[in-house]
Amino acid sequence: MPDILEGLTDAQRQAVTHINGPLLVVAGPGSGKTRVITRRIAHLLYCGIKPWNILAITFTNKAANEMRERVAALGTQEGVWLSTFHSYCARVLRQYADRMGFRKDFTIYDDDDSARLIQQLMKEGAIDKERVTPRIIQTLIGAAKERLVAPEEYEAAPSDPAQKAAAQVYAGYQARLAAANAMDFDDLVMKTALLLRQHADVLEQLRRRHQFVLIDEFQDTSRSQYMIAGLLTREHRNICATGDPDQSIYGWRGADIHNILDFERDYPEAKVVFLDRNYRSTKTILAAADQLIAANTERKERTLYTNNPAGEKIRLIQSDNPNEEAGCVAGIVGQLIEDGFAARDIAVFYRVNWLSRPIEEAFLKGGIPYQVVGGVAFYARKEVKDILAYLRLASNPGDEAAFRRIINVPPRGAGPKTLAALGAWAREHNATLIDALKSGQARALVPEKKLAVIDSFLALLSKISAAGDKSANSAAQVAIGQTGYVEMLKAAGRGENHDRIANLDELANAAAGYDEGNPEGKLAGFLEETALVADIDNWKDREDRVTLMTMHAAKGLEFPAVLMLGLEEGILPHMYAKSASELEEERRVFFVAMTRAMRKLYLFYSNERLLQGSWRYNIPSRFLKGIPRELVEIESPAVSFRERPLQYRVKRQEHQDKSASPLTLGPNAPKPGMRVRHGEFGHGVIKSVVRQGQRHKITVTFGGAVDRKLIYELAHLEVISQA
DNA sequence: GCCGTATAATTTTTT
DNA sequence: ATTATACGGC
């Protein structure tokens, strides 16, 4: 067992070497949980378990990929099932699609597609959308699916207009999805649960395949996900759940914290391992977080500890308004960079996406390189979604959402009236909109002049489809190059459409990248990947930029320096959080955010903020009072920060003039002699470097003359000094 | 009936 | 920034 157990604590070793029977690992922030999971998989393989008998579910694709790499570094991992819950469900459903009445090339509708469909059904059903928005109905239907409630079982409280509207729409919504051979995100999970429940032979096959099941971030699994896990493991009971109740922050999406809190009730024989030692943060930061979260009641009692140094006090900075706050953030970030922090070591977190705006402006002014995670994600860009709609429609002619999106983009003379007529025909004949375009009767609805345009549209789709059988990239090339989309952008362009065209190039690149990694995937595989990417999956953690992201997106990450914004009543806790349990979840969001910080933590609140169009005076977040006073240094920007952004701005601009593109600095390549700091092993000196493609395999001599082999790009090393 | 332009309105967290 | 909506021109 060469390296598998090396450097593990007792508790970690217990979790890694436990093989048969249920295992619960309650892992505090920064306690080496990912390490335990990857070593555990490596250990299972070492013990002779076949890779294809291991199923590991992670919260994001990024986590899955990271895990795949880390397991590979310890030996082979070829064949281990490693994916998110949604990807796993999609994969299973494709295999058994016929059992659920779908074809295996079904489309996955994103939130936007499903909202549009609901809106359309509301229009057809003449439901007043002033009082009940599509969004509310979407949430209600999602909640019903989470409880595995079918449309005919859905019961609405008579007094609730939103529920009544949902009851009216739900059946039609499912019917239209089925007609389009499409599923929404909630269907992926619900239909998988139903598949396992209703088809004993399928369940049997899957049970036999997945003999060892690991589920990470267990505190954020939903009831139906828990049910899937339970069905798969009920017989062999080899389920390993890892997570932390204090980091459960997706309750609004159906996550049920009781899955982890009550794990031992359903698996009484479970071995439980607590990982309470933190290797990430300073004593100060950890103590503050530990004290804060102690106020919650829905949790497992524990006390976090660390042997790391006490470090600096947490700094609490009050501003008068968001602009001042942004100026302070830019000032502090600039100072940190001057003090030797790399931009990639710094992160700015906020509860709601729109808080990033003023910060971006301040960073632009200050010449601070940054990247925003999420917000308007790449795949949510209009032009990207349009081209993807062409690809989707070519791949699945039933995809009504895709059809409606692009039938008239660029304009083909098919407006609302034509579309309504086609839609009526399609529903009457139980056919797709594409069928409607092809049928003689429906064609009679369309003016003769337009028929040629329609025919070339249909021909184009066949062409894309044919290209899609070769590769995703070739399909994308056709969709971008031959739809007239780019010409349309250019014609409308007053300069800014260059960005859009560049985004389409990037889409083609993404498709090419997919083809390279998945030669068998073709267009359908690429489409599935684009449907299930998370914002965080696109985070370029190798680029030397300051990261801006929501506190939710920050889960699982760590940064030497963290700045948290908008710590005010109404924002964190958010104004929508009312019940006691919702407030506890808000506190956990705060906890998750602060425990990302390794060495420096800054907390910001502003006295005034623009909320929903009007300026409001905010009071500081109640959670700030949950942090022991002696761990915090309270500062007013007027005293220590107001001038710094200006100084910094001047400096950075001078620097910018000299360097051609300051925003594209790559990470420094490792060199022997370089002094580095590792979160767990401490300070060390790089002894040797071996290049492996994009990666560098390095040997580092840490304090106490211990040599360790690390992958430079994965080890999260802090560079103390160059060689 | 469709197309283009202009105007106003709107933001919790996300697979 | 995107989208819903209205209006005038074709």
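Proteins come first, then strands; the chains are lettered A, B, ... in the order of their sequence lines, and each starts at number 1.
- Side-chain proximity of A:H574 to C:dT2, B:dT12, B:dT14: nearest is B:dT12.
- A:N353 has no side-chain polar atom (N or O) that falls below the 4.0 Å cut-off from OP1 or OP2 of B:dT12.
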For nucleotides 6-10 of chain C, tabulate all protein N/O to nucleotide N/O atom pairs closer than 3.5 Å, reporting atom names and distance.
none

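- Within residues 415-425 of chain A, the residues that have a heavy atom under 4.0 Å from DNA chain B are, in order of number, A:G415, A:P416, A:K417, A:T418.
- Atom CH2 in A:W354 sits about 18 Å away from atom C1' in C:dT2, given to the nearest Å.
- When only modelled atom types and interatomic distance are considered, A:T34 and A:E66 share no side-chain donor-acceptor pair under 3.5 Å.
- Taking only side-chain nitrogens and oxygens, A:R351 never comes nearer than 4.0 Å to OP1 or OP2 of B:dT14.
- Contacts of A:H574 classified as ring-ring contact (aromatic ring centres under 6.0 Å, His included), with partners at least two apart in sequence or in another chain: A:Y576.
- A:K62 places its NZ atom 16 Å from the C1' atom of B:dT15, with the value rounded to the nearest Å.
- Between the base of C:dT2 and the side chain of A:R116 there is no donor-acceptor pair shorter than 3.5 Å.
- Phosphate contact (OP1/OP2 of B:dT15, side-chain N/O of A:N61, threshold under 4.0 Å): absent.
- Here A:D111 lies in heavy-atom contact (under 4.0 Å) with a base.
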